[in-house]
Amino acid sequence: MALLLRFVLLCGVADFARSLSITTPEQMIEKAKGETAYLPCKFTLGPEDQGPLDIEWLLSPADNQKVDQVIILYSGDKIYDDYYQDLKGRVHFTSTDLKSGDASINVTNLQLSDIGTYQCKVKKAPGVGNKKIQLTVLVKPSGTRCYIDGSEEIGSDFKLKCEPREGSLPLRYEWQKLSNSQKLPTSWLPEMTSPVISVKNATTEYSGTYSCTVKNRVGSDQCLLRLDVVPPSNRAATIAGAVIGILLALVLIGLIVFCCHKKRREEKYEKEVHHDIREDVPPPKSRTSTARSYLGSNHSSLGSMSPSNMEGYSKAQYNQVPSEDFERDPQSPTLPTAKVAAPNLSRMGAVPVMIPAQSKDGSIV
């Protein structure tokens, strides 16, 4: 009876061993951002596993607030890889014949959002199996910069700094001296694995070229730094030079402003003068023509006057005529005395009056 029971148990164990099983152990994988992660999932089938083969990969994001997402599926001899938008086009089966027992996948161009737990499920009725893989995406150190914080003068205190632009923690630092005696000061030794080295009371022996290497689990980066410890500079002369430079700059700016202002005033004056000169204004009349027109107007007005006031008016008119109009050149010949007849006033009922003429000696005739 005992032998029979043992036989039945052995047969059951053998049958169970021959059923579907995933041979890849659970594991943790670390990869750098931008690289490709290989997630293995290999399985074996038993004789009794006769149902259709279904393979499913799920992602449990690191953010516990998100639910599990199907990222790729094989069912009915077809592959479906557009379930998860964040991994669309970046997840693929590594084998072209999944029935051969390899359900591994590749995730390309890794991003920080790909961090999480990936689960491989294989089903071929009545067999079912699954395994989990923890994927961690790290960022390699890059863009590392080395610089000196402080004055590189003898006797001064300053710091040597090493800063990567990006890189996943934890980061490890390593300083080295690449020139001169390659011997580091004893006081620096405790800080050779830190991002900052504090230098106290610097001497010329510290001068040289230094390197800083930054590492993490997925990569490393390096930068170089040149240190030249020099004697203290003459700060008074430096300040005086700066002041003189500023004053010269102010004088130059003042001259430029003055020249521009002067030029603007000259242009404005030329425009005003040009505006005042008008070519369409006729020239003034001569003094002779003015006098003649004056006499002509007086002569024409005589016709409207009565004999009673003619005498007083004539005397007044002679006094108003400019004397310069009647001056003559003493060398010119004397013109004959002319008598100017008054206009015919009889038609208007007025007494004709003779207008006296001027004689040679200037007396009135």
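For the single chain, residues carry numbers from 1 onward in sequence order.
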Full working for side chain to side chain contact (heavy atoms under 4.5 Å, CB included) between K99 and Y74: CA-CA 10 Å; K99 295 179 180 180; Y74 173 81; 3.8 Å; yes
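- Under the 4.5 Å side-chain heavy-atom criterion for ILVMFWY residues, a single connected hydrophobic cluster contains both I29 and I72.
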Quiz item: Do L53 and D77 pass the side chain to side chain contact (heavy atoms under 4.5 Å, CB included) test, and can you show the C-alpha distance, the side-chain angles, and the key distance before you say yes or no?
Solution: CA-CA 8 Å; L53 177 63; D77 296 333; over 6 Å; no
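- No single ILVMFWY cluster, assembled from side-chain heavy atoms under 4.5 Å apart, contains both L58 and I105.
- Looking at every heavy atom in both residues, L110 comes nearest to A37 through CD1-CB, 3.6 Å.
- Annotation: side chain of E174 is in contact with side chain of Q176 (closest heavy-atom distance under 4.5 Å).
- Taking a 6.0 Å sphere around NZ of K140, one finds it holds 12 or fewer heavy atoms contributed by other residues, nucleotides or ligands.
- Atom OG in S220 sits 13.0 Å away from atom OH in Y173 (nearest 0.5 Å).
- Residues V128 and L20 are members of separate hydrophobic clusters, defined by side-chain heavy-atom contacts under 4.5 angstrom among Ile, Leu, Val, Met, Phe, Trp and Tyr.
- At least one donor-acceptor pair closer than 3.5 Å links the side chain of W57 to the backbone N or O of A103.
- In this structure, cysteines C146 and C212 have SG atoms that are not closer than 2.5 angstrom.
- For the atom pair CD (Q27) and CG (L135), the distance works out to 10.5 Å, reported to the nearest 0.5 Å.
- Of all the heavy atoms in E205 and K177, the pair that sits closest is O-NZ, 3.2 Å.
- Remark: the backbone N or O of C120 is not paired with any side-chain donor or acceptor of N130 at under 3.5 angstrom.
- Judged by distance alone, the side chains of S60 and D68 do bring a donor and an acceptor atom under 3.5 Å apart.
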For side chain to side chain contact (heavy atoms under 4.5 Å, CB included), just list the numbers for L227 and F158, CA-CA rounded to whole Å, side-chain angles, deciding distance to a tenth of an Å, and then say yes or no. CA-CA 11 Å; L227 175 62; F158 52 86; 3.7 Å; yes
Review point. Run the side-chain hydrogen bond (donor to acceptor under 3.5 Å, both in side chains) check on S75 and D54 step by step: do they pass?
Key: CA-CA 5 Å; S75 179; D54 292 328; 3.1 Å; yes
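- Once rounded to the nearest 0.5 Å, the distance linking CG of L59 with OG1 of T117 reads 8.0 Å.
- Of the N and O atoms on the side chains of E166 and S142, at least one donor lies less than 3.5 Å from an acceptor on the other residue.
- Although no hydrogens or angles enter the test, the distance criterion places no donor-acceptor pair under 3.5 Å between the side chain of E30 and the main chain of L138.
- Considering all non-hydrogen atoms of both residues, P164 and V214 come closest at CG-CG1, 4.2 Å.
- Side chain to side chain, T108 and T36 fail the donor-acceptor criterion of an N or O pair below 3.5 Å.
- Clustering ILVMFWY residues whenever any of their side-chain heavy atoms sit less than 4.5 angstrom apart, transitively, puts Y80 in a cluster other than the one holding L39.
- Remark: K42 NZ is loosely packed, at most 12 non-hydrogen atoms of other residues, nucleotides or ligands lying under 6.0 Å away.
- Aromatic ring pairs are classed by plane angle as parallel below 30°, tilted from 30° to 60° and perpendicular above 60°; the pair W188 and Y210 is tilted.
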(request) Show your working on side chain to side chain contact (heavy atoms under 4.5 Å, CB included) between Y84 and V91 and close with a plain yes or no. (result) CA-CA 10 Å; Y84 189 44; V91 58; over 6 Å; no
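- How far CD of Q50 is from CG of L45: 9.0 Å, rounded to the nearest 0.5 Å.
- D228 has its side chain within reach of R226: a pair of non-hydrogen atoms, C-beta onward, lies under 4.5 Å apart.
- In this structure, I148 CD1 and K161 NZ are separated by 12.0 Å, a value rounded to the nearest 0.5 Å.
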When you look at K31 and D114, which way does the salt bridge (charged side-chain N to carboxylate O under 4.0 Å, His left out) test go after all the steps?
CA-CA 11 Å; K31 286 291 182 178; D114 299 337; over 6 Å; no
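- E191 and V196 get closest at one heavy-atom pair: CB-O, 3.8 Å.
- Atoms NZ and CG, from K88 and D82 in turn, are 5.5 Å apart once rounded to the nearest 0.5 Å.
- The closest side-chain donor-acceptor pair between S104 and D102 falls under 3.5 angstrom.
- Considering only heavy atoms from C-beta on, C41 comes within 4.5 Å of I22 through its side chain.
- With hydrogens and angles disregarded, no donor-acceptor distance shorter than 3.5 Å links the side chain of S19 to the backbone of G127.
- With contacts defined as side-chain heavy-atom distances shorter than 4.5 Å, the pair Y206/L160 does not qualify.
- Of the possible polar contacts, one joining the Q111 side chain to the N109 backbone as a donor-acceptor pair under 3.5 Å is found.
- Side chains of Y147 and E163: a donor-acceptor N/O pair is present below 3.5 angstrom, by distance only.
- Residues W175 and C162 come closest through the heavy atom pair CZ2-CB, 3.5 Å.
- One N or O on the side chain of S156 and one on the backbone of S151 form a donor-acceptor pair closer than 3.5 Å.
- Checked by atom type and distance alone, the side chain of N216 pairs as donor or acceptor with a backbone atom of G219 at under 3.5 Å.
- Closest approach of V199 to A202, counting heavy atoms only: CG1-CB, 4.0 Å.
- No path of Ile, Leu, Val, Met, Phe, Trp and Tyr side chains, each step under 4.5 Å between heavy atoms, connects L171 with V218, placing them in separate hydrophobic clusters.
- Between the side chain of D221 and the main chain of T144, a donor-acceptor pair closer than 3.5 Å is present.
- Side-chain contact check for V243 versus L247: some heavy-atom pair is nearer than 4.5 Å.
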